[in-house]
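Order of the sequence lines sets the chain letters (A, B, ...), proteins ahead of strands, with each chain counted from 1.
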There are 2 protein chains.
Amino acid sequence: MATRMGNKTRQAILEAAREAFASKSYAEVSMEDIAKIAHVKKPLIYYYFPSKEDLFKEAWDEAFRDLEDKVFGPKEEEGKYVRKVKQFLRAYIDFLRNDRKSLRLIEREKNKFYSEKSKNWQYMKKRYDVFVQQVADVIASETGNSSPEFARAITDIVGSSALLPEGQMSPKTLELIIIKGLKP
Amino acid sequence: MATRMGNKTRQAILEAAREAFASKSYAEVSMEDIAKIAHVKKPLIYYYFPSKEDLFKEAWDEAFRDLEDKVFGPKEEEGKYVRKVKQFLRAYIDFLRNDRKSLRLIEREKNKFYSEKSKNWQYMKKRYDVFVQQVADVIASETGNSSPEFARAITDIVGSSALLPEGQMSPKTLELIIIKGLKP
DNA sequence: TTTTTGATTTACCGATCGGTAAAATAATAT
DNA sequence: ATATTATTTTACCGATCGGTAAATCAAAAA
C-alpha cells in the first residue's frame, strides 16, 4: 500500500526536470533530456507524471515553494531594528546567489501564460502573480505606497540577473539599484 | 540581372519572421508559422534564407537597426537644454510604446547565446552587447560613472516591460523608476 | 515565338517530438 | 513457492520539425 521505491524515483525525476527547465526553455527541453538527467527511461516519467505540462507545473510549484520559504520565511535578523524591506531584499538576493536554479526556471517561462490559456498555465500565472503581490505588500508595509508595477519591476530585474552568467551582475550593485528605487 | 519580384517577397518573409519571433520564442516558432504569416509556402523561405537560424539573425539585425535608429538617432529636442540622458530615455520609452515588436523579439532570445555557441548566435550576442555599451556610454556622458551593470539593468527592465501585455506597466512609472536609479 | 532564367510549389526525407501499449522485472503478500 | 502488485523497460505510434529535390509556373531575353 505505502509506496515502495517509487517516491524516490519520482523525486529524482522532478529534480531532473527542475534542472533541465532551469537550463533551457520549456519548449527546448525534451522528455528525453529529463530522462537522461534522472538516469531513467523516458516512459517511466509518464508513470509518475501525466504529461510534460504537468511535470513542469510541479517543478514550477517547487521553485516557488523554495523561493517563498527563503524570501518571506523567518529571517535571521528577525525583531531587530532592521527594516522589513531590507530583510526581504537581503533574503531575495541571497536566494539569487545560492539557488539560481529556481529563479532561472521561473524567469524562462514567466511570460508564457500570456499566450497559453490551459488550466495548468493559468494556475502558474496565478502563482506568479501572488508572489509579485506579496513583494508589493512588503514594500507597501513601509513606504506606504507601493505600486504593483514597482514590485514587478523588482522581480523582473532580479529574474533577469538570474539568467546572466554568474558574476555578470554583482549582488551588491543589484541591491543598490533596487534600494535607490525604493528611497524617495 | 536586377532581381525581379524577389525583393518584395524576401522582405515580406522577413517581416513575417519578425512578427512570429516577437510573439513566440525561437524554438516555438516553426518555419511553417512564418510561411503562413507571409502567405507563402515553406520551401520558398529557403529560396531566400539558408536556414531558420540565418533568418532569425536577419530579423534580429533589423530589430536592432530600428531600435538604435530611434534611440540613438537625431532627437527632436536636439540642442535644447534637455539633458542627453533624458532625451535617450524618452526615445527608449517611446520606442517601447510604438514598436513593441522589435523589443519583444530581442527580449525573448537575449539569453540564448549563453548556451548557443554557433557563429550566428555569437554575432547576435555581440550586437546586443554593443547596444548595452552604448546605453552605458550615454549614461556615463553625464553622470560620470556608469557601470555596464546599471546599463544592463535598464535594458532588462525595459525589455521585460515589452513582454507584458500592453498597459500592464505604464511608461510613466517605468521612466520614473529608471530616473530614480539614475539620480544620486 | 521560343528559350532562358527567376520564382514558387508539390512531394518528400530523416530526425525528433510527446505520448502509449505491452512486455519484462522486481518486490511484497499469500 | 506462488500469486499479486508495483516498477521499469522495450518497442512503437502519429505528428511535426528543419530542410531538400525536382517539377511547375511566370516573366524576361533571344
Study note, to complete from the structure: note: A:L44, atom CG; C:dA24, atom P; distance rounded to Å ~ 18 Å
Exercise for review: Would you kindly give the CD1-to-C1' distance between A:I34 and C:dG18, to the nearest whole Å?
Suggested key: 11 Å
**Study point:** Phosphate OP1/OP2 of C:dT8: any B:K41 side-chain N/O under 4.0 Å
**Key:** no
Exercise for review: Mind jotting down which residue pairs meet the salt bridge (Lys or Arg N to Asp or Glu O under 4.0 Å) criterion with at least one end in residues 51-63 of chain A? Sequence neighbours excluded, please.
Suggested key: A:R10-A:E58, A:R18-A:E62, A:D61-A:R127, A:E62-A:R65
**Study point:** A:M31 CE to C:dG18 C1', straight-line distance once rounded to whole Å
**Key:** 7 Å
Review point. Do the side-chain N or O atoms of B:Y47 get closer than 4.0 angstrom to the phosphate oxygens (OP1, OP2) of C:dT8?
Key: no
Check your understanding: Expressed in angstrom and rounded to an integer, what is the separation of B:K42 atom NZ from D:dA21 atom P?
Key -> 14 Å
Exercise for review: Answer yes when A:R152 and A:E149 have at least one side-chain N-carboxylate O distance shorter than 4.0 Å, and no when they do not.
Suggested key: no
Practice item. Could you please name the option among C:dG19, D:dT8, C:dT8 that lies closest to any side-chain atom of A:T9? Key: D:dT8
Review point. Do B:F56 and B:F49 have ring centroids that are under 6.0 Å from one another?
Key: no
Point to revise | For atom CD of B:E32 and atom C1' of D:dG19, their distance in whole Å | key: 12 Å
**Study point:** Separation of D:dT8 C1' from A:I13 CD1 (nearest whole Å)
**Key:** 10 Å
**Study point:** Per B:P43 side chain, nearest of listed nucleotides C:dT9, D:dG18, C:dG19
**Key:** C:dT9
Check your understanding: In terms of side-chain heavy atoms of A:Y48, which of C:dG6, D:dT7, C:dG19 is nearest?
Key -> D:dT7
Check your understanding: Under 6.0 Å between the ring centres of B:W121 and B:Y114?
Key -> no
Point to revise | Euclidean distance, atom CD of residue A:E28 to atom P of C:dG18 [Å, nearest integer] | key: 12 Å
Check your understanding: How many Å lie between CZ on A:R10 and C1' on D:dT8, as a whole number?
Key -> 16 Å
